[in-house]
Amino acid sequence: MTSEIGDDEFRATLHSLRVWDTALPVFDAEAAPDAPLALFREWLTHAAAAGQPEPHTMSLATVDGEGRPDVRTLMLHDADARGWHFASHSTSAKGVQLAARPEAALGFYWPAVGRQVRVRGRVSACGAEESRADLAARSRGALAAALTGRQSEVLDSTAELAEASAAAWERAAAEPDAPTPTWTRYVLDATEAEFFQGDPARRHTRLRYRRTPSGTWTRTLLWP
């Protein structure tokens, strides 16, 4: 049983937390590349080298059929000329939302270096072959999770999950190429990206990229 934390204790804890009370990188926005992909790759690699745990995790925001925003955390699978890649079941909440309205936003936060990146754009679903290859490149646990399936559906009990997961792990070991028809790789084709560098004096640097109809990028500094 967990103990209930009172208002005063919670607020005292919240107000005691500090942000960016250490040396942070300096971001020269004037020297930034013409397009966001190169800068994103540089920042993620730098965050990983700086000891940021799981720098490839990100928030994915979508909109449901009633126009309500939804957000969750998942892993980035790649970032290349096509866009930012991730994967999920097409039958999951995010998959259903993306099928109905294929636009999304991504958010990365690397507190070890005081950096954030936000990306917005249109999302497309990859074909079955590429989606299967995405899963094949990952661990047996990823395949087992995909085989367990039923993501976002109502779960009757944890025992039901344990039984389904055990069966999925057994099948993943016996059939490393087991079909997972709903597993889908998605690509977000960015139309806007913002890079945020925190500053201990709160003189944060924000650089926004926006893609023009011709495919080139404009860069704009924003007030923090």
Asks: As an exercise, state the distance from OH of Tyr109 to OG1 of Thr73, rounded to the nearest 0.5 Å.
Replies: 13.5 Å

Asks: Under the criterion side-chain contact (heavy atoms from CB on, under 4.5 Å), I'd like the reasoning laid out for Glu30 against Leu221: C-alpha separation, chi angles, the key distance, then a yes or no.
Replies: CA-CA 9 Å; Glu30 297 297 327; Leu221 285 171; 4.2 Å; yes

Asks: So does Arg203 have more than 12 non-hydrogen atoms from other groups sitting under 6.0 Å from CZ?
Replies: no

Asks: Taking everything shown except Arg171 itself, do over 12 heavy atoms lie less than 6.0 Å from its CZ?
Replies: yes

Asks: Does Glu170 reach the side chain of Leu147, with side-chain heavy atoms less than 4.5 Å apart?
Replies: no

Asks: Treating Ile, Leu, Val, Met, Phe, Trp and Tyr as nodes and any side-chain heavy-atom pair under 4.5 angstrom as an edge, say whether Val71 and Val117 lie in one connected cluster.
Replies: no

Asks: Treating Ile, Leu, Val, Met, Phe, Trp and Tyr as nodes and any side-chain heavy-atom pair under 4.5 angstrom as an edge, say whether Leu135 and Phe86 lie in one connected cluster.
Replies: no

Asks: Any side-chain heavy-atom pair from Val63 and Glu103 closer than 4.5 angstrom?
Replies: no

Asks: Can you check whether Ala162's main-chain N or O pairs, donor with acceptor, with Ser165's side chain at less than 3.5 Å?
Replies: no

Asks: Keeping Arg202 on the side-chain end and Pro200 on the backbone end, is there a donor-acceptor pair under 3.5 Å?
Replies: yes

Asks: Between Ser131 and Arg185, which heavy-atom pair has the shortest distance, and what is it?
Replies: OG-N, 2.9 Å

Asks: Got a donor-acceptor contact below 3.5 angstrom from the Asp80 side chain to the Gly83 backbone?
Replies: yes

Asks: Can you measure from CD (Glu9) to CG (Leu14) and round to the nearest 0.5 angstrom?
Replies: 12.0 Å

Asks: Does Glu163, at its CD atom, have more than 12 non-hydrogen atoms belonging to other residues, nucleotides or ligands within less than 6.0 Å?
Replies: no

Asks: About how many Å separate CZ of Arg122 and CG of Leu98, when rounded to the nearest 0.5 Å?
Replies: 10.5 Å

Asks: Compute whether any side-chain donor of one residue and acceptor of the other, for Gln97 and Thr62, lie under 3.5 angstrom apart.
Replies: yes

Asks: Near Glu153 CD, under 6.0 Å, is it more than 12 heavy atoms from other residues, nucleotides or ligands?
Replies: yes

Asks: As a test of understanding, state which of Arg41, Gln52, Arg115 forms a side-chain contact (heavy atoms from CB on, under 4.5 Å) with His46.
Replies: Arg115

Asks: Test of understanding: clusters of I, L, V, M, F, W, Y form through side-chain heavy atoms closer than 4.5 Å, transitively. Do Trp217 and Leu188 belong to the same one?
Replies: yes

Asks: Do Leu207 and Arg219 come within less than 4.5 Å of each other through their side chains, counting heavy atoms only?
Replies: yes

Asks: For Glu175, I'd like to know if atom CD has over 12 heavy atoms of other residues, nucleotides or ligands within 6.0 Å.
Replies: yes

Asks: Over all heavy atoms of both residues, which pair between Gln116 and Trp43 is shortest? Give the atoms and the distance, please.
Replies: O-CZ3, 3.7 Å

Asks: For Phe196 and Trp20, take the angle between the two ring planes, folded into 0 to 90°, and tell me which bin it lands in: parallel under 30, tilted 30 to 60, perpendicular over 60.
Replies: tilted

Asks: Trp169 and Trp183: same hydrophobic cluster, using ILVMFWY side-chain contacts below 4.5 Å?
Replies: no

Asks: Please check: side-chain N/O of Glu160 versus main-chain N/O of Asp156, any donor-acceptor pairing under 3.5 Å?
Replies: yes

Asks: Between OG1 of Thr57 and CG of Leu60, what distance do you get to the nearest 0.5 Å?
Replies: 12.5 Å

Asks: Within a strict 4.5 Å, meaning less than it, do heavy atoms of the Met75 and Met58 side chains meet?
Replies: no

Asks: Just by distance, do the side chain of Thr191 and the backbone of Arg211 share a donor-acceptor pair under 3.5 Å?
Replies: no

Asks: Assess the residue pair Ser88 and Gln151 against the criterion (side chain to side chain donor-acceptor pair (under 3.5 Å)); give the C-alpha distance rounded to whole Å, side-chain angles, the decisive distance to 0.1 Å, and a yes or no.
Replies: CA-CA 9 Å; Ser88 183; Gln151 191 176 48; 3.0 Å; yes

Asks: Give, for atom OG1 of Thr184 and atom NE2 of His89, the distance between the pair rounded to the nearest 0.5 Å.
Replies: 9.0 Å

Asks: Other residues, nucleotides and ligands only: do more than 12 of their heavy atoms fall within 6.0 Å of CG on Asp8?
Replies: no

Asks: Does a side-chain heavy-atom distance below 4.5 Å link Phe195 with Leu39?
Replies: yes

Asks: Would you name the heavy atoms of Leu24 and Gly198 that are closest together and state the gap between them?
Replies: CD1-O, 3.5 Å

Asks: Please report the interatomic distance CG(Asp28) to OG1(Thr205), rounded to the nearest 0.5 Å.
Replies: 9.0 Å

Asks: Begin from the C-alpha positions of Arg68 and Asp70 and carry the test salt bridge (charged side-chain N to carboxylate O under 4.0 Å, His left out) through to its verdict.
Replies: CA-CA 7 Å; Arg68 300 176 302 176; Asp70 206 349; over 6 Å; no

Asks: By the definition side chain to side chain donor-acceptor pair (under 3.5 Å), identify the one residue from Arg206, Arg120, Arg208 that meets it with Glu194.
Replies: Arg206

Asks: What closest approach, in Å, do Leu143 and Ala178 show between heavy atoms, and which atom pair accounts for it?
Replies: CD1-O, 4.2 Å

Asks: I need the minimum non-hydrogen distance between Cys126 and Val187, along with the two atoms involved.
Replies: SG-CG2, 3.6 Å

Asks: Could you check Phe108, Tyr186, Phe40 and say which one makes a ring pair (Phe, Tyr, Trp, His ring centres under 6.0 Å) with Trp84?
Replies: Phe40

Asks: Tell me if the CZ atom of Arg72 is crowded by more than 12 foreign heavy atoms within 6.0 Å.
Replies: yes

Asks: Does a side chain donor of either His85 or Asp134 reach within less than 3.5 Å of an acceptor in the other side chain?
Replies: no

Asks: Looking only at heavy atoms, which two atoms of Leu44 and His56 are closest? And how far apart?
Replies: CD1-CA, 4.3 Å

